Amino acid sequence: MLHIVNKSPYADRALDACLARLTEGAALLLIEDAVVAALADGAYAAKLKGLDVYALGPDLEARGLAAKPLCAQVVDHAGFVDLCVTHPASHSWF
Amino acid sequence: MAHKKILFVARKAPYGQSRAPEMLDALMVAAAFDQQVHLAFLDDGVFQLVKGQSAEAIGHKPFAHAFEELDDYDIEHLWVERESLAERGLSESDLMAAVTLLDRAEMAQAMAEADLVVSA
């Protein structure tokens, strides 16, 4: 299962809700405002540690965060598509 | 068309947005096309099932009664997460329909096993 979150965890509980229900083999993709959770020095780094986490590059770049230390693998839009097709299903936590 | 296991996930309280009635429309369509439809309520979504709602009091069209009629669509299980209820001071007796309580780990497993997850 690919889990997709698009809201900042500092403003919305979607990421926490998702993290509480991840199962073995799941991947997490942070897009739009949720990319703020990918900062390695942020409060969510510890919660994301050990998970298969991705962040959408253009959303990091747009927010000036692409060069910061991250706790997620950066993917572009093609990588987003790859994640969608390599997982049997996706779950958007909007 | 192959039968898919479609899981509708309700995580939002009713009336703030129109997600709940829209989800009901979508899941009835899915069920009408003989898909295997499941419905899960977690986080604030559990408030959608509270009995005694009066949508008219705030000028909304009532929809909650539809949850009691899902049997007619062969939607047998309304899955409700036990922890979400407890965190909000609710219990099974506050809910209108016969539900199946799942703990958080069981809910996570149910979501992982779906072919298609629709967030509502």
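Model, not experiment: these values are computed from the prediction. Numbered from 1 within each chain, the chains take letters A, B, ... in sequence-line order.
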Trainee: With no hydrogens and no angle check, is any side-chain donor or acceptor of B:S119 less than 3.5 Å from a backbone partner on A:F94?
Mentor: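 Here the side-chain-to-backbone pair does not exist.
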
Trainee: A:R13 and B:D44: salt bridge (charged side-chain N to carboxylate O under 4.0 Å, His left out), yes or no, with the steps?
Mentor: CA-CA 11 Å; A:R13 296 189 63 189; B:D44 278 352; over 6 Å; no

Trainee: Do A:L48 and A:I4 sit in one hydrophobic cluster, given that two such residues count as connected whenever their side-chain heavy atoms are within less than 4.5 Å of each other, even indirectly?
Mentor: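 Unlinked, A:L48 and A:I4 end up in two clusters.
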
Trainee: At a 4.5 Å cut-off on heavy atoms, which part of B:V118 comes close to chain A: side chain, backbone, both, or neither?
Mentor: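 Contact with chain A is absent: no heavy atom of B:V118 under 4.5 Å.
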
Trainee: Consider only side-chain heavy atoms of I, L, V, M, F, W and Y, link residues closer than 4.5 Å, and tell whether A:V5 and A:L2 are in one cluster.
Mentor: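 They do not share one cluster, since no chain of ILVMFWY contacts under 4.5 Å joins A:V5 to A:L2.
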
Trainee: For chain A, which of B:A114, B:A108, B:A120 has the most heavy-atom pairs under 4.5 Å?
Mentor: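 Heavy-atom pairs under 4.5 Å are most numerous for B:A108.
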
Trainee: Any chance CD of A:E24 has more than 12 other-residue heavy atoms, nucleotides or ligands included, within less than 6.0 Å?
Mentor: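 No, CD of A:E24 has 12 or fewer neighbouring heavy atoms, counting only those of other groups under 6.0 Å.
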
Trainee: As an exercise, state the distance from CE of B:M111 to CG of A:L22, rounded to the nearest 0.5 Å.
Mentor: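 Between B:M111 CE and A:L22 CG, I get 9.0 Å after rounding to 0.5 Å.
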
Trainee: Please examine the side chains of B:V117 and A:M1, heavy atoms only from C-beta on, and report whether any two atoms are closer than 4.5 Å.
Mentor: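 Sidechains of B:V117 and A:M1: in contact.
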
Trainee: Evaluate whether atom OH of B:Y73 has more than 12 neighbouring non-hydrogen atoms of other residues, nucleotides or ligands under 6.0 angstrom away.
Mentor: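 Open: at most 12 neighbouring heavy atoms sit under 6.0 Å from OH of B:Y73.
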
Trainee: Do A:L29 and A:L19 sit in one hydrophobic cluster, given that two such residues count as connected whenever their side-chain heavy atoms are within less than 4.5 Å of each other, even indirectly?
Mentor: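 Result: no, two separate clusters.
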
Trainee: Can B:L39 be reached from B:M96 by stepping across I, L, V, M, F, W or Y side chains whose heavy atoms are under 4.5 Å apart?
Mentor: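 Same hydrophobic cluster.
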
Trainee: Heavy-atom distances under 4.5 Å only: say whether B:D115 touches chain A with side chain, backbone, both or neither.
Mentor: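 Answer is backbone: N, CA, C or O of B:D115 sit under 4.5 Å from chain A.
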
Trainee: Evaluate the side chain to side chain contact (heavy atoms under 4.5 Å, CB included) criterion for residues A:R21 and B:E81: first the C-alpha distance (whole Å), next the side-chain angles of each, then the deciding distance (0.1 Å), finally the verdict.
Mentor: CA-CA 11 Å; A:R21 293 150 184 128; B:E81 190 185 78; 2.6 Å; yes

